[in-house]
Structure formats: structure tokens, C-alpha cells
Amino acid sequence: MRDAAPRAFWLDHPDAPPTRPPLDGSAEADLVVVGGGLTGLWTALQAAEEGKRVVLLEGERIAFGASGRNGGFCAASLTHGIANGLARWPGEMETLERLARENLDGIRATVARNAIECGWQDRGVIDVATEPHQLEWLAQQAAQLRRFGWDAELLDAAALRAQVDSPTYLGGVWSRDSAALVDPARLCWGLARAAEEAGAVVHESSPVIALRPEGAGVRADTAGGSVRSRHALLATSAFPPLVRAIRRYVVPVYDYVLVTEPLSEAQHHAIGWRGRQGISDMANRFHYYRQTDDGRIVWGGYDAIYDFGGRVAPERDQRPETFELLAEHFFATFPQLEGLRFTHRWGGAIDTCSRFSALWGRALGGRAAYVVGFTGLGVGASRFGARVALDLLDGRDTERTRLEMVRRRPLPFPPEPARWAGIQLTQRALARADERAGRRGPWLRTLDRLGLGFDS
Ligand SMILES: Cc1cc2nc3c(=O)[nH]c(=O)nc-3n(C[C@H](O)[C@H](O)[C@H](O)COP(=O)(O)OP(=O)(O)OC[C@H]3O[C@@H](n4cnc5c(N)ncnc54)[C@H](O)[C@@H]3O)c2cc1C
């Protein structure tokens, strides 16, 4: 760990494109997109493909935020998992799961059509039980996946350990087609190029400092210039928002990741994992892990850190105590890899909302829209989120905009200090539930009844 570079593995890549010039002077557009993560990029690409004049303004670099720092699990689910969707929109889940499948297919097709080299792998994901009480959850999960037509196989301990060998494993569900794995930064870089090829203009190092109505449209100002546009789409995730409403619904929660050096042939042999599936465990405080193209292991999760006041700042990208804990858990899971070194360590802000899945809204009298709140599962859902936001801006009445999930907002978080206190209480209750065979105490049961929650 001592030598691990304090930066995201995915961004530390020779394919990283040169920085695009910042906005300099004034520009005209049909749509100005604020934020160059997956949500902003999918918006820019889809709008440019419709023939709109698009300008995208990114404050730092493309993929600077969560989009360049995540685990690269590209799940079909639009609802942060089927169980969460069924709890909130039971009547819509048939439609939402069909749209989820279409969305994942759409991402795969875009990657292929634009020859985006992003290490796309249709290997599926395995959810593993490491505690006896989780075995029952696995069975429920397999049944839910199959109900919506996904190819899911329940694995007992022996079958699971034949796939990936950890002494902590008691069983698993291998969902073969409900998620892919991707290198998220290279996906972003490829989407930015594809958007430009479709006619969009992309500026980096161009933080938008003000967004205001101007005539029938909107004006986005940066230090170097301004874009006058018919519409604006805000894709700023967990970062300080340009419209106040977002602050009520979204809190930045930091999640941390380690990456190992490439495994030797003998180390690979010791753990198996020839199927290279994505893996996560079933605890409230869960780990997610996967391999990279060059045979490393990406290992993240467990801690989800909210700081009083919800600061997003570069110094929060590093948290030694979380890295130590993650390393300890790594070697408990794979004791065969004792001595393996970590080469990268980093963190990033997740845009957590109380229902764990995207929320949409309009601002500036309908001239602007926003989509935020993906809560740790936005790699795939961001394309759908962007599509819906474009529908809303254009005033289109579609199957998507009629969804209750789209029309309704989540419950807002209270202001500070109640916000911080409530999140601490909930996190402690989730940790306690993990220690007590998954049993949820009175606080969590009350939140469940209210439809409020905390996750990453
Ligand atoms: C550690 C970690 C692991 C994760 N793992 C997974 C996973 O495996 N699978 C999954 O599905 N999801 C995962 N997620 C979540 C996923 O990364 C996000 O849901 C997704 O990337 C959100 O994309 P986004 O474009 O909305 O946000 P971001 O990628 O955060 O992009 C927002 C962008 O807006 C820019 N910006 C902000 N304000 C301004 C402004 N005023 N002007 C101009 N630009 C601005 C920022 O610089 C940033 O680039 C993870 C997240 C983290 C942090």
C-alpha cells in the first residue's frame, strides 16, 4: 500500500486524450450541457445525434468525477437493483426492467458502432453470500432476476468456489446478462469523441459559475466566456449544484477503491476466477471487485463516508483508514494472495439520494433540466437518465416521462445538522444489522416504512 499512487487507476492510462481547450468568448447552442461525466456525455451524444447544436462544459477534465473513478460495473438496472425497484414502483417494474434491458443493449450498440475501446466484457456479475443469513437473500435475488427474464444461476459454496476461490464464500447468484464490465474512463473518452463526431463541441477546464435565463433561453457563464442556448442540462452529480433544488435531494457520499499490481500466473491459479465476473457481497456495507484487462484486481466499497456539510474537495479523495480496512478485507477474502501489492488508491463522491436511483427536475421556467441521484449505480443508468432529461426539456410525452419514477421526486434530506445526524444514525443501524444476521432494528424499519434510505 505504501507505494500506491494516490490517483484513479482508470485515469492513469496512456489512452487519456489531451485536454480540450476551455470556452473562450461566446457561443450559441440549442443545448448547453454542464458536466462531462457519463450523464453529460450521454446527453451530449444523444442530443447531437438528433441534430441539436450542443456545447458541453466540463469544469475539470472529462471523467474527472465519479465517472472516471468507479468500479466499472455497468448494470442494466435503472432502480439500483430489482428489490429497490419493487419496493418503490411495483406496478412499473415490468416496464422499468424492459427499458433497462433496452438501455444496456443501447450502450453495447453505441460502444460497438463508435469503436469505443473500453474493455467491454459481457461476463456477468456474481453476488456472494459470506454470512449464513445472506443465503436466503440469494435465493430471493435469483427468483427476482428470473422473474424479469434475466439469466441467473444459484451457486452453492462448492460451485461458487469452483468459479472464484475464497474461504469466505457460502454461496452466490451468477447473473450472466444483467450487467457488463467496462473501463469507465475509456468509455467516457470514447463517448466524448463520438459526441464531437456527431457535431457537439466539448470544452474542459470550464466551470460554469452562473446559469441564468436570458430572453426565451438560458445563458451559462464561465470565467472565459458564455454560452447562449435554448436549453441547459445539468449533469453535475454530487458537486455543488447550480440550482438549489438539487441540494435538497442529493448528498455527496465518498466511496474508496484500491487496485492491485497485476497477478502472476501462480496467483491467478490460486484464486481461479477465469470467468472474470464482477463480484459483490450482500452486506449492507458491501465490497465490489473485478479484474482489469491487465490482470489486476479492483477492490472497493464498504465505507461510505458523509462529512458534515457535504463537502466535495480533492483532499477527501484520500482516506488512509479506509484504505487500511479495505486491504485487510481483501486479504481476508483472498488469503492466497498474501504479499500482493496495491498500486492505486482513490476515492470519489457518489450522488446519493434517499431512493437510490435517478431523479429529474426542471428549473429556470423549464429552460433547464437536471438528472442526478444515481447513488452508486449510474454507469449504465446514466444513459437512460440523459434520455429522459432530453425528453423533459423538449416537452415530449413519452412512455419514459409518464413513469411514476420520473414524475415523482424522492423524499428530501433534512437540512444540517439533522442531515448529518440522521445519516450517522442510519449508518450505525446498517452496521448493526450486518452484525445481527441482517435483522433491521426499529430505526431502519421506520425509514423503510417512510421510503427513506441510505446506500452507496
Ligand atoms: C468510487 C465509486 C465507485 C462506483 N462504482 C460504480 C459501479 O461500479 N457501477 C456503477 O454503475 N456506478 C458506480 N459508481 C457511480 C457512478 O460512477 C456514477 O453514478 C456515475 O459516474 C455518475 O455520472 P455523472 O456524469 O452523473 O457524474 P460525474 O461523473 O461525477 O460527473 C459530474 C461532472 O460535472 C462536473 N461539474 C460539476 N460542477 C460543474 C460546473 N459548475 N461546471 C462544469 N462542470 C461541472 C464535474 O467536474 C464532473 O466531471 C461509483 C462511484 C464512485 C465514486
Side-chain angles (χ1 to χ4, degrees), residues 31-35 37-40 42-43 57 59 65-66 78-80 88-89 207-214 216-221 227 229-253 306-312 349-376 378 381-382 384-396 400-420 422-423 450-455:
L31 177 70
V32 59
V33 178
V34 185
L38 285 165
T39 305
W42 279 118
T43 307
L57 300 173
L78 305 174
T79 56
H80 207 273
R88 295 176 191 283
W89 305 288
V208 174
I209 47 186
L211 184 76
R212 56 184 73 123
E214 189 172 275
V218 65
R219 195 177 101 198
D221 293 328
V227 179
S229 176
R230 181 156 171 250
H231 287 141
L233 191 287
L234 305 181
T236 54
S237 188
F239 292 85
L242 289 160
V243 300
R244 276 184 35 205
I246 296 177
R247 212 180 282 274
R248 302 176 63 215
Y249 297 112
V250 169
V251 296
V253 170
Y306 177 73
D307 260 9
F308 187 90
R311 241 168 9 104
V312 180
I350 286 179
D351 55 341
T352 294
C353 76
S354 66
R355 70 182 195 192
F356 321 144
S357 42
L359 68 105
W360 294 262
R362 281 193 267 196
L364 306 184
R367 298 169 177 90
Y370 54 84
V371 51
V372 289
F374 293 98
T375 318
S382 53
F384 175 79
R387 178 67 265 159
V388 171
L390 287 170
D391 290 351
L392 291 173
L393 275 177
D394 289 340
R396 276 188 220 137
R400 295 176 292 263
T401 58
R402 266 175 263 137
L403 289 166
E404 191 189 336
M405 179 192 175
V406 171
R407 285 185 289 108
R408 287 259 189 115
R409 308 279 185 84
L411 287 169
F413 291 102
E416 298 288 18
R419 177 174 291 203
W420 183 82
I423 291 173
L450 293 172
L452 258 173
F454 184 80
D455 207 335

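Predicted, not measured: the structure shown is a model, and the values here were computed from it.
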May I have all residue pairs that pass salt bridge (charged side-chain N to carboxylate O under 4.0 Å, His left out) and include part of residues 402-414, sequence neighbours excluded? D397-R402, E404-R408
Heavy-atom side-chain contact between L234 and V243 under 4.5 Å: yes
Would you indicate whether the side-chain heavy atoms of W420 and D307 approach each other to under 4.5 Å? no
Taking the side chain from T39 and the backbone from A235, do they hold a donor-acceptor pair closer than 3.5 Å? no
If you take all heavy atoms of P252 and V312, which pair is closest and at what distance? CB-CG2, 3.6 Å
Given the options L31, V32, V218, V227 meets side chain to side chain contact (heavy atoms under 4.5 Å, CB included) only with V32
Is any side-chain heavy atom of T79 closer than 4.5 Å to a side-chain heavy atom of M405? yes
Rounded to the nearest 0.5 Å, what's the gap from CZ on R219 to CZ on R367? Could you check? 13.0 Å
Shortest non-hydrogen contact between A349 and A238, atoms and distance: CB-CB, 3.9 Å
Close side-chain approach of T352 to D455, heavy-atom, < 4.5 Å: no
Quick one: closest heavy-atom pair of L359 and C353, and the distance? CD2-CB, 3.9 Å
What I'd like to find out is whether the side chain of R230 reaches to under 4.5 Å of the side chain of L393, using heavy atoms alone. no
To the nearest 0.5 Å, tell me how far T43 OG1 sits from L233 CG. 4.0 Å
Residue W89 excluded, over 12 heavy atoms near CH2 under 6.0 Å: yes
Smallest heavy-atom separation, V208 atom then A220 atom, equals CG1-CB, 4.1 Å
Rounded distance (nearest 0.5 Å) linking atom CG of D351 with atom OG1 of T236: 9.0 Å
Heavy-atom pair of closest approach, residues V406 and R400: CG2-O, 3.3 Å
Any chance you could measure L392, atom CG, to R362, atom CZ, to the nearest 0.5 Å? 5.5 Å
Within-4.5 Å side-chain heavy-atom neighbours: S357 and F374: no
Parallel under 30°, tilted from 30 to 60°, perpendicular over 60°: which one fits the rings of H80 and F356? tilted
From CZ (R396) to CZ (R387), nearest 0.5 Å: 5.0 Å
Rounded to the nearest 0.5 Å, how far does CZ of F413 lie from CD1 of I423? 5.5 Å
Taking S229 for the side chain and H231 for the main chain, is one N or O donor matched with an acceptor at less than 3.5 Å? yes
